[in-house]
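All remarks here apply to the structure that follows.
In this text, all values refer to a predicted model and were calculated from it rather than measured experimentally. Hydrogens, waters and symmetry mates play no part in the numbers below; they use all other heavy atoms, side chains included. Below, chains carry the letters A, B, ... as their sequence lines are ordered, and counting in each starts from 1.
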Number of protein chains: 2
Amino acid sequence: MSEKKPTINDVAREAGVSKRTVSRVINGSTNVGPKTLELIQQVIDRLDYSPDKQARGLASSRSYLLGLIYDNPDALYIDQVQRGVLNICSSKGYELVVHPCKYNSTDLVKNCLSFIRRSNIDGVIVLPPVSESKDLAAALREAGHCYVRMASVDLDDHTNIVVSDERAAMSEMARYIVSLGHKNIGFITGPLNYYSSIERLEGFRNTLVQLGIGLDEAKVVEGQNSYQSGQDGAQQLLQLADRPSAIFANNDEMAAGVLRVAHQLGIKVPEQLSIAGFDDNILASRIIPSLTTIQRPVGAMASLAAHKIIQSVEKNIVESVDKEFLVKPHLIIRESTSAPTAVD
Amino acid sequence: MSEKKPTINDVAREAGVSKRTVSRVINGSTNVGPKTLELIQQVIDRLDYSPDKQARGLASSRSYLLGLIYDNPDALYIDQVQRGVLNICSSKGYELVVHPCKYNSTDLVKNCLSFIRRSNIDGVIVLPPVSESKDLAAALREAGHCYVRMASVDLDDHTNIVVSDERAAMSEMARYIVSLGHKNIGFITGPLNYYSSIERLEGFRNTLVQLGIGLDEAKVVEGQNSYQSGQDGAQQLLQLADRPSAIFANNDEMAAGVLRVAHQLGIKVPEQLSIAGFDDNILASRIIPSLTTIQRPVGAMASLAAHKIIQSVEKNIVESVDKEFLVKPHLIIRESTSAPTAVD
DNA sequence: TTGTATGCGTTATCAC
DNA sequence: GTGATAACGCATACAA
């Protein structure tokens, strides 16, 4: 049968002290006599006592619950984030409560606020693209809630954000593609109301310009980060009279769409067309040819976010962590890119 | 500034009743006068009041927290489950706390029990392969915790389990492959200490036997559900003198590995080799050729599990839900399978 | 139908 | 250093 778990009162009684004193040792107060401390510690161990989070929360208005807010179709990304966060927070006594939501919903803010309030969530980590919402961030701040955003642009106090430098990564991508010899390049963007889409496009375009090549605006088409829209974009680009010899797609999902269309059109990849994506999704290494892409250190970013949110909740800022906020994704070269074949 | 949120006392005062009465309407008691009910309901709406879960839990020894326990590499599966569960549980006032763990760890049971106790989790949903652990299930039962297992075998009281009939699904797969004309078939299993692996193999083999074809044991190799082991299995099978004209792999990840090897060996798929997988992973529809596979109604299973766990927690069994426990996956035919080409 | 009183397991405010 | 005792917000015997 399930023994009912010991309470602070049990510990106090066994140790022959008041529960206030037990509370002190639990919370690491210094004002406890050394022998009292040891005695109580022993009893705690013997009884396998651990404080009840709910009662604790009721009294201190904390829940030891962290929330994860997102609306992201990429399951792999979510999973990596969850594990990265848990790596840190579970060892600090926090649990992770997940909260998928609809970024484009009109009651996004209300929905998230309600989520936090209902369960007294101590702090939330917000993932892109939800993290790009000014409204949500403002509401969170306004309501006095702790939060950390994961994003691709530096749009908040560094205490509250972890950003991946996707602009720099895309610059690297541009250099790489140019180094292969490509001059005629197509680009399928993400939704242009996402900062991340803009960042990636800008990083790529600016570098192309610097390299004296430039990006033909007729070969920039807007996608929706979906497989289908990747195919649509590819259809457009590959029907062009002077079709590109390389296409970058804003994520791997769309890049897979491009690959599919190339295959349908009998265009060989990478011989006749180089393709690159972004995310290093599970797809990237599995499809044939495997996909050149950009990998973000998602787990590390998530862990950093967890550190920050816990600091924020506990108002115990460690400068080194507080200052750190930028991580750099890197290029992964696989089979889908190569030098263009000379045509006529 | 953050208004402090209204309590039951605020509502009671505003409505001019005792908090006991407010409590009644919150909990849907019938013993409340109609006008009192409406009045209180109005005040609740006006104040945007919602009961504090922690306090509520402290008083009723419930947390309104559901746990999700798993150790599954398939992020897509996890994501689908999470959304399926949340679909149900969030509308019933529960939140979902995630708990990835190590199935093969020696302290799996202790770890999970500790997780539940720490946060007073009301009930847990356990995913395969962790759900196959007899020890964990026993410990959960022993400790008096509510749980629901998602599995591929009917190994618990129907109140506590949702099973996908993978045996039947694999029978369907076998019929399909045979209907294409294949007689020489290879099979890469999952880890054979998993029930699910056994079920799939048995379902397939039994049907082949029924159809008078049988499965050559020399062409059954054990994989680990990983991409690499799929490649290893394919290497073995495809080097055989009479190499199979069709290979089934226990999951899509391994099937992708098979496809990769076939590609390396210059074996055309599906012309010279048919390949099928299991899961309908995101991979399945993206790779070229797209993969014939089995799709489990994961979201529906998860929702059912959520219903069951909530019933279990609230001790409010609805017969129709209690009896329902079996769901049937179905075959999805794509490009990777076809009739074998006649050889010499 | 409605209200009173008590307890849930902590933390925190005081005194001693 | 230590200990009564009052919150915290709600549920629930028990009355009325």
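- Partners of B:K110 according to the salt bridge (Lys or Arg N to Asp or Glu O under 4.0 Å) rule, which considers only residues two or more places apart in sequence or in another chain, do not exist here.
- In this structure A:N160 satisfies the side chain to side chain donor-acceptor pair (under 3.5 Å) test with no other residue, sequence neighbours excluded.
- Partners of B:R296 according to the side chain to side chain donor-acceptor pair (under 3.5 Å) rule, which considers only residues two or more places apart in sequence or in another chain, are B:E166, B:D279.
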Legend entry - Protein-to-nucleotide contact annotation, 5' to 3' order, nucleotides 6-16 of chain D [B base; S sugar-phosphate only; - none; under 4.0 Å, heavy atom]: --BBBBBB---
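- A nucleotide of DNA chain C counts as in contact with chain B when one of its atoms lies under 4.0 Å from a heavy atom; the first and last such, 5' to 3', are C:dT1 to C:dG9.
- Sequence neighbours left out, the pairs with a member in residues 83-98 of chain A that pass salt bridge (Lys or Arg N to Asp or Glu O under 4.0 Å) are A:K53-A:E95, A:D79-A:R83, A:E95-B:R118.
- Evaluation of the side-chain contact (heavy atoms from CB on, under 4.5 Å) rule for B:A12 yields B:K19, B:V22 as partners, not counting sequence neighbours.
- The stretch residues 31-41 of chain A has no heavy atom under 4.0 angstrom from DNA chain C at all.
- Screening residues 39-50 of chain B for side-chain hydrogen bond (donor to acceptor under 3.5 Å, both in side chains), with sequence neighbours left out, gives B:E14-B:R46.
- Counting only residues at least two apart or in different chains, ring-ring contact (aromatic ring centres under 6.0 Å, His included) contacts with residues 296-326 of chain A comprise A:H158-A:F325.
- Judged by the 6.0 Å and 45° rule, A:R149 forms no cation-pi pair with A:Y147.
- With sequence neighbours excluded, the residues that form a side chain to side chain donor-acceptor pair (under 3.5 Å) with A:N111 are A:H99.
- The salt bridge (Lys or Arg N to Asp or Glu O under 4.0 Å) test applied to A:R141 returns A:D156, not counting sequence neighbours.
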